[in-house]
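Below is one structure, written out as structure tokens, with a few remarks after it.
Letters go in sequence order (proteins before strands), and every chain restarts at 1.
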Amino acid sequence: MTGDDHDLDGDRHPPIQLTIWSVIALAVVVIAGLFTVRLEHQPETTRDYPPRPQIADGEAILLPAPEVADDYLPCNDCHDEVTREQGPVPRELEFEHEDTKLEHGNLWCRHCHDAVDPNNLRLADASLVPFEDSWKLCTQCHGKKLPEWRAGVHGKVTGNWRGDREYVTCVFCHEPHTPPFVPIEGEPRPRRPEEIVLRTSLPGEQ
Amino acid sequence: MGIFRRNKQATGQAKGSQKGSSRRDFLKTAATVGAGTAVGAPAIASALEFDFETFMQKNFRELSDEELKGVIERLERKYSEKYGKDVSVSAIGPMDGVLYGYGLDISRCIGCRKCVYACVDENNQSRDPEIHWIRVLEFERSEALRTINLEEGNPYYEHEKVPAEGKFYVPIACQHCEDSPCSTVCPTGATWQEPDGIVVIDYDWCIGCRYCMAACPYGARHFNWGEPNLPAEEVNPDMHILGNKPRARGVVEKCSFCIQRVRKGRLPACHEACPVGARKFGNLLDPNSEIRYLLEHKRTFVLKAELETNPKFFYFWGTEGRS
């Protein structure tokens, strides 16, 4: 402690040390200044965009049911009193419906199709709805899906997120007679790293 | 020149046998450039496809409205000439009171990759070398009850028909994080988050250092190692300067939520391409939006939540039994 006490006395510093300190102080100021300049050159966090007019919310458009081959329609071309008699009993399907597979729970034609008016569907309360409104029939059993579909969470929505939006009905995606999805063909896989070809040309060169 | 030379040598070494020839090519190019100096600056510019105006261009966020107009005019002229169609480049800004969010129903995704190619077409990705902004990972369904390790997902699956038995699929693109590590590490301020939540890239300010790719925990950023190849007839002429404008070699690119579409109110291309309706998009600030509905009613999660990047891309399980 004895020797150091002298160093604390300011009068004993030689002038050369004062110069060093002032140089260091100057350097600090210059470096700080440079940093300030550098910080000023950082881009703004975001661009100052001009305000823009709001897009109207638009409306939900329900796409009509997918098209059915003309030769099936209208149903009452074939379905008359005779077929009505056969109707209620489950049996092997024939003629135009030879290929129709019915694998939808324990349902039979008459659970959904009206016997008297085959051009319409029949709800549980015996009221008739056209094929375009088939979703009203589906949601009698699949009621939990209705609010999700209305909210746009179940099913496909196209068009705009703000503006007109197109909703599809159940039967667009689910074949009502065999509802589960069938696997489809996928698109090609991306290339593996080892399959990537190196090309060494400079820009403009081939 | 320095960058070109280094690239050249690096690729030459990778190929081994071509090392000598690539050096000769370099010397040839150097000679051409040397001759060009004598002829004049435009010769160098054309030899290197160097564009002085692009080189001097300010960061997108610092361009005045007047300067931005000039940049857009130059880009429209350049692309219309290059691709032989009427290209429009927009710099349309965010809407007030909008924060975009994306939802993906992994209980429905069938792994068909239709979104991947819809994205390539919409966003002018390079066809060869191939760049995909969306990667679809395949996982074992039996593994789903334990914590899924994303690195174990297989993006290269091939099946005759999808979905394959016992598998499930997780498509991954940019998660548009609220606290995005990619934009924090960018040394040039070339990537940032817009007021509507979209993380964008100023492709003219990207120097290709790929720090952002190292920082991104989702592998969502892709680098143009080679000269992008975009056939003129497949170019989408509806471009946004921060979105699907064609990229140059040596820059990083990624999903922008189809900024050129969503800022006009439209849905992203991948959303419209999904055949099973597994993709959901909307405004997180609108309580009536479908994205808010699924956040409130469904079991949602984000990828790598423990990293606290706060993604605005939500995965959810939509099906609950058959009813």
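Here B:E160 contributes atom CD and A:I184 contributes atom CD1; the two are 13.5 Å apart, rounded to the nearest 0.5 Å. Distance check, rounded to the nearest 0.5 Å: CG of B:D286 to CH2 of A:W161 gives 8.0 Å. The NZ atom of B:K280 lies 9.5 Å from the NZ atom of A:K156; values are rounded to the nearest 0.5 Å. Rounding to the nearest 0.5 Å places CG of A:N160 at 11.5 Å from NZ of B:K264. Between the CZ atom in A:R162 and the CG atom in B:N283 there is a gap of 6.0 Å [rounded to 0.5 Å]. Rounding to the nearest 0.5 Å places NE2 of B:H297 at 8.5 Å from CD of A:E148.
Of the atoms belonging to B:N59, it is side-chain heavy atoms, and not backbone ones, that fall under 4.5 Å from chain A. At a 4.5 Å heavy-atom cutoff, B:I131 makes no contact with chain A through either its backbone or its side chain. Proximity to chain A is limited to the side chain of B:Y100, based on heavy atoms less than 4.5 angstrom apart. Contacts of B:L294 with chain A are made by both backbone and side-chain atoms, with heavy-atom separations under 4.5 Å. For B:K114, the parts lying under 4.5 angstrom from a heavy atom of chain A are both the backbone and the side chain. Using a 4.5 Å cut-off between heavy atoms, B:A273 touches chain A through its backbone atoms (N, CA, C, O) alone. Heavy atoms closer than 4.5 Å to chain B are found in the side chain of A:F181, but not in its backbone. If you measure heavy-atom distances from B:V98 to chain A, the contacts under 4.5 Å come from the side chain alone. The contact between B:R108 and chain A is made entirely by side chain atoms (from C-beta outward), counting heavy-atom distances below 4.5 Å. In this structure, no portion of B:I134 lies under 4.5 Å from any heavy atom of chain A. Residue B:I291: no heavy atom, backbone or side chain, is found under 4.5 Å from chain A. Proximity to chain B is absent for every atom of A:P179, based on heavy atoms less than 4.5 angstrom apart. Both the backbone and the side chain of A:P147 come within less than 4.5 Å of a heavy atom of chain B. In this structure, the portion of B:Y117 lying under 4.5 Å from any heavy atom of chain A is its side chain and not its backbone. Only the backbone of B:A91 has a heavy atom closer than 4.5 Å to any heavy atom of chain A. Looking at A:T139, neither its backbone nor its side chain comes within 4.5 Å of chain B, counting heavy atoms on both sides. Neither the backbone nor the side chain of B:S107 comes within less than 4.5 Å of any heavy atom of chain A. Both the backbone and the side chain of B:P94 come within less than 4.5 Å of a heavy atom of chain A.
Annotation for A:E185: atom CD does not count as buried by contact number, only 12 or fewer foreign heavy atoms lying within 6.0 Å. Atom CG of A:N106 sits in a sparse spot, with 12 or fewer heavy atoms from other residues, nucleotides or ligands closer than 6.0 Å.
A:V157 and B:H271 get closest at one heavy-atom pair: O-CE1, 3.1 Å. Closest non-hydrogen pair, B:E272 versus A:G159, comes out as OE2-N, 2.6 Å. In this structure, A:T45 and B:R61 approach most closely via the heavy-atom pair O-NH1, 3.4 Å.
B:E138 has no carboxylate O lying under 4.0 Å from a charged side-chain N of A:R189, or vice versa, which leaves the two without a salt bridge.
Under a 3.5 Å cut-off, the side chain of B:Y293 and the backbone N or O of A:R150 do not form any donor-acceptor pair. The closest donor-acceptor contact from the side chain of A:R47 to the backbone of B:L63 lies under 3.5 Å.
Defined by atom type and a distance below 3.5 Å, a donor-acceptor pair is missing between the side-chain atoms of A:R191 and B:H132.
Counting heavy atoms from C-beta outward, B:M95 and A:I55 have side chains that approach closer than 4.5 Å. At least one side-chain heavy atom of A:P190 sits under 4.5 Å from a side-chain heavy atom of B:R113.
If you tally non-hydrogen atom pairs under 4.5 Å between each of B:Q193, B:R261, B:R263, B:H159 and chain A, the highest count goes to B:R263. Comparing A:P188, A:G186, A:A151, A:G163 by how many heavy-atom pairs each has under 4.5 Å with chain B, the most go to A:P188. Comparing A:P51, A:G155, A:P50 by heavy-atom pairs within less than 4.5 Å of chain B, the highest count is held by A:G155. Chosen from B:A278, B:G189, B:P195, the residue pairing most often with chain A at heavy-atom distances under 4.5 Å is B:P195. Listed options B:D105, B:I92, B:T188, B:V200 were ranked by heavy-atom pairs under 4.5 angstrom with chain A; first place goes to B:I92.
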